[in-house]
Amino acid sequence: MNCIVTTIRKQSTAAESLAHRAAAILQVPYIKRDGMGIDALRCRFGIDTVIVATQTHPIASTSNGDYFFHLSMAELRINKLLNAESDHMISAMNLQTGQSVLDCTLGMGTDAIVASYVAGSEGRVVGLEASAIISLITSWGLQNFMDPDVSPKILAALRQITVQQTDYFSYLKSMPDDSFDVVYFDPMFRRPVANSITLKPLRELANNEALKPEVLTEACRVASHRVVIKETSGSLEFNRLGITHITGGKYSSIQYGVIHTGGTAWKN
Ligand SMILES: C[S@@+](CC[C@H](N)C(=O)[O-])C[C@H]1O[C@@H](n2cnc3c(N)ncnc32)[C@H](O)[C@@H]1O
């Protein structure tokens with residue numbers, strides 16, 4: 001992997017210990033910071049990405065900006081649900097308390113957190129992420145993110161998400177029929193959303209491949225209830241994949257393609 005791990009300039013035992021753990025997980029070298037700038041480290045080691053360990057969390061410093069875990073829109077979306085407003089993704093999933101969701105494209109985990117909150121402590125959310133760096137940063141955040149202003153119930157939703165660094169196709173192929181109620185995809189958008197500060201570094205680190213029809217076939221076998229795909233409005237992806245049931249807000253820039261799998265129906 002084209003990457004090294006170091007610490008913030010102000011060294012501490014916590015940052016060093018996190019840097020060593022990150023280097024071991026990613027199987028890349030740990031480099032003592034020794035006051036060097038990040039760009040100088042990039043030049044010296046001929047690498048694109050430097051993982052910088054702070055006392056509390058890892059940051060991926062890319063040539064397109066920093067990538068680190070934050071709640072993004074998750075808290076706002078959960079608060080809207082608590083105010084009896086609908087969330088288009090949850091409606092598309094028809095997600096109920098106690099159900100299970102396989103999020104095949106975990107990314108920052110925002111969608112998975114909202115799903116985990118709705119599924120509740122009796123539900124289950126597993127997030128898959130192909131990129132080792134994104135997987136490291138998101139799984140660290142889900143397990144360790146702390147903010148006294150965030151409700152314990154939201155933090156519990158973060159903690160109950162299980163992360164696996166793997167390709168979704170091989171994972172789906174390994175799963176028995178009807179293993180999850182809902183299987184969800186939010187592929188990197190075919191048409192990049194302009195000016196998205198979060199998406200720029202994500203795009204550099206992420207797997208940017210389009211969804212393949214054979215992956216959807218496996219997803220429909222694994223989902224007992226629904227397969228849901230998120231796309232930008234006006235994208236030709238739904239057409240390409242043969243998805244005809246599309247939902248979402250009338251004026252929203254996002255749409256959701258829904259496949260009703262109906263349990264064992266897909267297996268015949
Ligand atoms: C648009 S982001 C998902 C954002 C996420 N829904 C959220 O709420 O933060 C898509 C993510 O899926 C990952 N991905 C793409 N192809 C994948 C694959 N074949 N297996 C697993 N993860 C994949 C990318 O690396 C990227 O992190």
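Just so you know, these numbers come straight off a predicted model, no measurement behind them. Indexing begins at 1, ligand by ligand and atom by atom, following the structure's order.
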_Could you report the tightest heavy-atom contact between Glu204 and Asp48, atom names first, then the distance?_
OE2-CB, 4.2 Å
*With respect to Phe185, which candidate in Val227, Asp103, Leu241, Leu102 satisfies the side-chain contact (heavy atoms from CB on, under 4.5 Å) definition?*
Val227
_Side-chain donor or acceptor of Ser100 paired with backbone N/O of Gly123 under 3.5 Å_ = no
*Is there a nitrogen or oxygen of Asp103 sitting under 3.5 Å from a nitrogen or oxygen of ligand 1?*
no
*If you measure from each non-hydrogen atom of Asp111 to ligand 1, which part falls under 4.0 Å: side chain, backbone, both or neither?*
both
*Going by the order shown, which atoms of ligand 1 are within less than 4.0 Å of some heavy atom of Met108?*
9 (O)
*Heavy atoms only: give me the nearest Ile137-Ile59 pair and the separation to one decimal.*
CD1-C, 4.1 Å
*Pull out every atom of ligand 1 sitting under 4.0 Å from any heavy atom of Asp186, numbered as shown with elements.*
1 (C), 2 (S), 3 (C), 4 (C), 5 (C), 6 (N), 10 (C)
*Is it the side chain, the backbone, both or neither of Cys104 that has a heavy atom closer than 4.0 Å to ligand 1?*
backbone
*asked:* Under 4.0 Å from a heavy atom of Ile134: which atoms of ligand 1 are those, numbered in the order shown and with their elements?
replied: 27 (O)
*For the residue pair Thr49 and Arg42, confirm or rule out a side-chain donor-acceptor distance under 3.5 Å.*
no
_The test is side chain to side chain contact (heavy atoms under 4.5 Å, CB included); show your working for Leu41 and Phe45 and say whether it passes._
CA-CA 6 Å; Leu41 281 169; Phe45 292 95; 3.7 Å; yes
*Report yes if Glu209 has an N/O atom closer than 3.5 Å to an N/O atom of ligand 1; otherwise report no.*
no
*Met188 heavy atoms, cut-off 4.0 Å: which ligand 1 atoms fall inside?*
1 (C), 2 (S), 10 (C), 26 (C)
*Any atoms of ligand 1 less than 4.0 Å from a non-hydrogen atom of Thr166? List them with their elements.*
20 (N), 21 (C)
_Between Asp186 and Thr105, do the side chains contain a donor N or O and an acceptor N or O under 3.5 Å apart?_
no
*Would you say ligand 1 has an N or O under 3.5 Å from any N or O of Gly109?*
yes
*ligand 1 atoms in contact with Tyr168 (distance to a heavy atom under 4.0 Å)*: 16 (N), 17 (C), 18 (C), 19 (N), 20 (N), 21 (C)
*Axial cation check for Phe169 ring with Lys173, 6.0 Å and 45° limits*: yes
*Check: Glu129 N/O within less than 3.5 Å of ligand 1 N/O*: yes
*Which option out of Ala130, Ser131, Ala115, Pro187 puts a heavy atom nearest to atom 21 (C) of ligand 1?*
Ala130
*Nearest to atom 5 (C) of ligand 1 by heavy atom, Thr138, Leu106, Thr110: which?*
Leu106
*Quick one: do the Ser116 and Gln160 side chains pair a donor with an acceptor below 3.5 Å?*
yes
_For Gln96 and Asn94: C-alpha separation, side-chain torsions, deciding distance, then whether side chain to side chain donor-acceptor pair (under 3.5 Å) applies._
CA-CA 7 Å; Gln96 313 291 327; Asn94 189 27; 3.0 Å; yes
*Mark up the atoms of ligand 1 that fall under 4.0 Å of a heavy atom belonging to Asp167, in ascending order.*
18 (C), 19 (N), 20 (N)
